[in-house]
Amino acid sequence: MTAARITLLGSQHDALANHLGSHPDCHEKAAVVLFRRLHIPVEGLPDSDRYIAQEVILFEDAWVTGSSSAHIAFPLTPLRELFRRCEEEGLAFGFVHNHPGGPAAFSAIDEQNERTLLTALSNRNGLDVTFVAMLWTEGQWLARTRTACFPKMAIPVRHILVLGDRITLYGYKESTDEHTEVQARQSAAFGKPFVDMLQSLRVGVPGNGGTGSPFATLGARAGIGELVLIDKDPLAASNLNRVRGLMRSDVGEIKSYALKTFIEGIGLSVKVAAIASDIDIDQAAVDALASCDVIVGCTDDFAGRELMNAALYAYAQPLIDIGLGGKVDNGPDGHPYLRYHFGRISTILPESGQCLFCQGVIKDVWIQAQLARRENPDITSDELKERYLEDGGTDAPGVGPFTSAAADFALATLFDLIKPFRRFPPELRRDMLFVDFVKMEINSHKTAGNYDCPYCRAHEFLLLKESCRLNRPFLGKRDEFY
Ligand SMILES: [Zn+2]
Ligand SMILES: [Zn+2]
């Protein structure tokens, strides 16, 4: 069993931190978090389960039989109902408490308590259960996991990720000297913890062309710890004007594979997985995507964006989505000229920002038109119109400095999520930026009205209970996850 990763929504973190710190005499308090455990091995990356907090249950006062600043005592009886739910709903049990007076580490008593809880849990639910312990101390989260098979072996998690309107990481490891040397300049700008946090993250990059390849290559250099590259298309000669790290000799090769080879050849500590498929149709690609902490969408297709838009809520993942658009006209000299040409960077967290539908980045008619074109590449615009569909997007020929600049802007956006450094003027939205390379402007659309969006307002997809992947039958069931 290897180091797991924990994800909490900002609202869950706030509820826990408020509860744990609420005793009038600074006694210990406790809570339970029920986790969904995503156990998804990804070839090329270290095994690391994701525990996504599904539900926070605060201990009621009546459950506590005694407490002080150094202990909390409770009977198991009120927890049995939660053990039952774990079994019935395929959830992992997490015990949470705090150390108001220190120590800033798990104690010998914690060790005993965790084993007692795990024994009770496995007596009821069997030997394949896993158990999470979280400790809130001195404004930091610590966490570790155990299995019923090896109850004495507590494995510290890789990190605890809290997703509010930014990304906050706790419990991450210090990076190695080698990594520290490469990242010396970045440490000088953002501090050593920033560098360590970036190294702890697994970042998924669907689309490995004009925006995906510059993002992934610079992201690797910037110290992202793990990259999941997803693209099934072969490199075309006409891509060579803008991709990074891919060569003439790679033409005809799968972009994700060639990019992985290039990034591994740089000689950094990054670990790279490459998957040759599409996230909107392939189970393995969806699963690899779900295993990531953060997604940076570099695809130009609407169906892929729709899937990421659902996944960001279901799998609690920040999504930074890159797009390019513009308008090319013919000038009086008969040559084309750029009327405008922009890079769009959308930044959406499960509890912050508008989703891609509400931002107007994707529309149902565009998605359906794209799917119709996939089935029949010769379908005409008129035939689409007859089916009330239309091709989406604007004219954006792939121009290297623009695709690269948008990708660089997205990486800086990831930096800003981890360590906020940008000072936004009031007219700009954090979740949606357009950088216009012709008009030399950065702007945002006005926030759309109060439409009851199932994604970002009604939150129907938030921590989705999946009957099959993202509740899309064609993506198959996911029972192997439990
Ligand atoms: Zn303790
Ligand atoms: Zn929305």
Side-chain angles (χ1 to χ4, degrees), residues 16-17 19-21 23 26-33 59 63-74 94-118 131-146 154 156 165 171 297 302 305-314 316-321 323 344 346-367 429-432 444-464 470:
L16 286 168
H19 171 73
L20 296 173
H23 197 284
C26 292
H27 289 191
E28 285 190 10
K29 298 201 76 160
V32 170
V33 176
F59 266 41
W63 298 3
V64 178
T65 50
S67 69
S68 71
S69 64
H71 91 292
I72 182 162
F74 52 89
F95 176 69
V96 186
H97 78 297
N98 65 326
H99 285 177
F106 286 104
S107 67
I109 298 174
D110 294 340
E111 178 72 29
Q112 283 176 13
N113 284 344
E114 287 169 32
R115 283 195 218 166
T116 305
L117 281 167
L118 177 54
F131 175 87
V132 181
M134 290 183 70
L135 176 63
W136 178 244
T137 173
E138 298 187 347
Q140 297 287 324
W141 284 114
L142 296 175
R144 58 192 189 184
T145 60
R146 295 169 198 264
D165 57 6
F302 298 115
R305 287 203 179 103
E306 186 202 19
L307 186 123
M308 290 187 283
N309 194 63
L312 90 92
Y313 297 100
Q317 298 167 311
L319 170 65
I320 299 171
D321 185 71
R344 172 193 49 81
S346 299
T347 308
I348 310 157
L349 289 96
E351 295 186 312
S352 172
Q354 284 193 316
C355 80
L356 291 178
F357 280 106
C358 290
Q359 292 195 9
V361 173
I362 48 178
K363 289 185 184 176
D364 275 326
V365 287
W366 298 349
I367 296 163
R429 291 167 53 173
R430 278 184 173 267
D431 62 340
M432 187 190 209
S444 303
H445 288 173
K446 294 249 183 308
T447 308
N450 211 12
Y451 161 63
D452 192 25
C453 170
Y455 293 94
C456 63
R457 289 193 198 267
H459 276 163
E460 285 171 19
F461 285 77
L462 189 63
L463 308 176
L464 186 71
L470 297 169

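Both ligands and their constituent atoms are indexed starting at 1 by order of listing.
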Item to check | Side chain proximity check, Arg344 to Asp321, heavy atoms < 4.5 angstrom | outcome: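 Yes - at least one pair of side-chain heavy atoms lies under 4.5 Å apart.
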
Item to check | Asn113 versus Thr116, side-chain donor and acceptor atoms under 3.5 Å | outcome: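 Looking only at side-chain atoms, Asn113 and Thr116 do not form any donor-acceptor pair under 3.5 Å.
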
Checklist entry - Any side-chain donor paired with an acceptor under 3.5 Å for Arg429 and Gln354? => result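 There is such a pair (donor and acceptor under 3.5 Å, judged by atom type) between the side chains of Arg429 and Gln354.
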
Checklist entry - Can you list the residues that meet the ring pair (Phe, Tyr, Trp, His ring centres under 6.0 Å) rule with Tyr455, with sequence neighbours excluded? => result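 Ring pair (Phe, Tyr, Trp, His ring centres under 6.0 Å) check on Tyr455 returns Phe357, Phe461.
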
Next on the checklist: Test side chain to side chain contact (heavy atoms under 4.5 Å, CB included) on Cys456 and Ile348; report intermediate values, then the result.
Outcome noted: CA-CA 9 Å; Cys456 63; Ile348 310 157; 5.9 Å; no

Checklist entry - How long is the gap from CG on Leu356 to CG on Leu307, to the nearest 0.5 Å? => result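 Separation between the atoms: 11.5 Å.
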
Next on the checklist: Of all the N, O or S atoms in His97, which has the shortest distance to the Zn ion (ligand 1)?
Outcome noted: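 Going through the N, O and S atoms of His97 one by one, NE2 ends up nearest to the Zn ion (ligand 1).
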
Next on the checklist: Among the N/O/S atoms of Asp110, which is closest to the Zn ion (ligand 1)? Give the atom name.
Outcome noted: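 Sorting the N, O and S atoms of Asp110 by distance to the Zn ion (ligand 1) puts OD1 first.
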
Checklist entry - Closer than 2.8 Å to the Zn ion (ligand 2), how many protein N/O/S atoms do you count? => result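 With waters ignored, the protein N/O/S count below 2.8 Å is 4.
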
Item to check | His27 (side chain) donor-acceptor with Ile72 (main chain) under 3.5 angstrom | outcome: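 Checking the backbone N and O of Ile72 against the side chain of His27, no donor-acceptor pair under 3.5 Å is found.
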
